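One structure is given below, encoded as structure tokens.
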Protein chains: 2
Amino acid sequence: MSIKCRFCPIRNLPLFSPMTDPELSFMESFKVGEMTIQPNTPILSAGANSPQLFTALKGFGLRYKLLEDGRRQVLSFVLPGDLIGLQAGVMNQMTHNVESTTSMTLCVFNRNELWTLFRNHPQRAYDLTWISASEERFLGEALTAIGQKSALESVCWALARIYRRLESLHMDERRSVPLPYRQQDLADALGLSLVHTNKTLAKLREQQVATWTEGRLTVNDIFALEDMGLVDSQLPQSRPLM
Amino acid sequence: MSIKCRFCPIRNLPLFSPMTDPELSFMESFKVGEMTIQPNTPILSAGANSPQLFTALKGFGLRYKLLEDGRRQVLSFVLPGDLIGLQAGVMNQMTHNVESTTSMTLCVFNRNELWTLFRNHPQRAYDLTWISASEERFLGEALTAIGQKSALESVCWALARIYRRLESLHMDERRSVPLPYRQQDLADALGLSLVHTNKTLAKLREQQVATWTEGRLTVNDIFALEDMGLVDSQLPQSRPLM
DNA sequence: GCGGCGCATTAAACTGTGACATACGGGAGG
DNA sequence: CCTCCCGTATGTCACAGTTTAATGCGCCGC
């Protein structure tokens, strides 16, 4: 049995904007279920039509595109609170894949109700547009990192961004956050080779800026990491949760 | 004096989805004016709050991010029909810059009416979300090009995409489209150096695949160009115009 | 307990792309 | 008409990052 939205485990984090009672009621009707999936489970596939959207409640995943020869570009890392599948939901065409990295718990929404949401709940519609604009902004930052920054700058940018996001989800503990991805995942996110990513992470370890080991990232000085990654803006302090 | 939306010069292109009379009426109230700007004019600046959104009616521009040391990442090329400023409009925070490359004619919309649009015109709100999702999809493709493709593959991908967009705006003429950008702009879009971009374009000219000269791009075989650029999906055949 | 697999690490060789320098043509301004 | 600037073009060399190969460690299944 699914959790009622009003009992959602993450919605009371200060990160997430509050919802009114009518909005909560609508979201409960919009939600068709909940699913828990194992690691490495595909959630959405490019080219496939999915009748559902999802919010990640727990666990980690990633979004990626594949080239025909197997090269993979990781577009972003999915963290708790992230909406999955809006692009397919709105454009009726999914051009990337989403899969879990750890076990995940997902809220499942019915895409056919999307139009009802737009008609009857303009604030929720506004929130969806905000989420899409936020994704767009992140991809712009990623494009800038890959296109213009050195490997070291890019790795610092990525780790700083991930750390800040997990911090705002209150998943930090003594300057350490869970990061259950492989080095190949970060390499594919930054357009680097695995070996070069490994060497760059070793440099950060040596300089005692950041250490990523055993599925956790420890950042000794987040400001130094942000500086090295040329991070020039703050993440929004508040965001909607679907 | 501004053109009434119903007399918009580009809205009757088959590319753009039709609008109902109430939608047209609302857009005319949403529109506060029209402006014509000279080449190299900033339209939106990162960090600035802009009270306006724009639709490009005519002319070309680009969206880009700057690093502190002057390195520039071009995020995308602005073509007629493009909406400018949605990110700032929705997130209240502009993280990239937009400027004209040629003289441009822009429809100007009042951001304060955005909430009215969401409340009273769900189809238009849906269209805005569609546009944002479409931008997101494009940035994902660009990320994949820069991160995983060789210089030649990336240049082919970019030229093929631009050609197809201009073709759907009916700006093609005997396999040639206007492309009033500099080579440095394409280099900055693909994370390449100017020299290497120049050499890659020379290769394409030698192979008689595509020729970019004197502000025009001529593509002898768009399918070959798409193949070389590993283009694996079609652009949507129809899109909303704001 | 052993073998195999997946991931992280490291060394060495290689290369696609960057950096630097120079030349040319066209356009604009004086 | 001349000069200067901008953009394009090309050659040469350097290097950040890639590729290839090998090793070690931990975990899982038999």
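Fair warning: this is a prediction, and the values are worked out from it, not measured in the lab. Chain letters run A, B, ... following the sequence lines, proteins first, then strands; residues in each count from 1.
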Whether the Q183(B) and N198(B) side chains hold a donor-acceptor pair (N or O, under 3.5 Å, no angle test) is what I'd like checked.
yes
Residue closer to the 5' end of DNA chain D, A202(B) versus R182(B) (nearest nucleotide)
R182(B)
note: L192(B), atom CG; dA9(D), atom C1'; distance rounded to Å ~ 17 Å
Nearest whole Å is fine: how far is dA8(C) C1' from L201(A) CG?
11 Å
Under-4.0 Å side-chain N/O to phosphate OP1/OP2 contact, R71(B) with dG18(C)
no
Within the side chain of D172(A), is there an N or O that forms a donor-acceptor pair under 3.5 Å with the backbone of V177(A)?
no
What integer distance in Å separates L194(A):CG from dT18(D):C1'?
11 Å
Expressed in angstrom and rounded to an integer, what is the separation of R205(B) atom CZ from dA9(D) atom C1'?
8 Å
Tell me: CD of Q184(B) to C1' of dG18(C), nearest whole Å?
12 Å
Round to the nearest Å and state the distance from K203(A) atom NZ to dT10(C) atom C1'.
15 Å
Under 3.5 Å, is there any donor-acceptor pair linking the side chain of K199(B) to the base of dT12(D)?
yes
Closest approach to the side chain of V195(B), judged atom by atom: which nucleotide of dG18(C), dA19(C), dT10(C) is it?
dA19(C)
Look at all strands and tell whether G215(A) reaches a base, only sugar-phosphate, or nothing, counting heavy atoms closer than 4.0 Å.
nothing
Salt bridge or not between R165(A) and D82(A)? Use side-chain N to carboxylate O under 4.0 Å.
yes
With R161(A) as partner, the option from E167(A), E226(A), E141(A) fulfilling salt bridge (charged side-chain N to carboxylate O under 4.0 Å, His left out) is E141(A)
Side-chain N or O of Q183(A) closer than 4.0 Å to phosphate OP1/OP2 of dT9(C)
yes
Within this structure, what is the CD1-to-P distance between I146(A) and dG17(D), rounded to whole angstrom?
13 Å
Scan T213(B) against the nucleic acid and name what it touches under 4.0 Å (heavy atoms): base, sugar-phosphate only, or nothing.
nothing
One thing to verify: whether E153(A) and R71(B) come together as a salt bridge, which I'm taking to mean a side-chain N less than 4.0 angstrom from a carboxylate O.
yes
May I have the distance from Y181(B) (atom OH) to dT8(D) (atom P), rounded to whole angstrom?
14 Å
Between N198(A) and dA8(C), is there a side-chain N or O to OP1/OP2 distance below 4.0 Å?
no
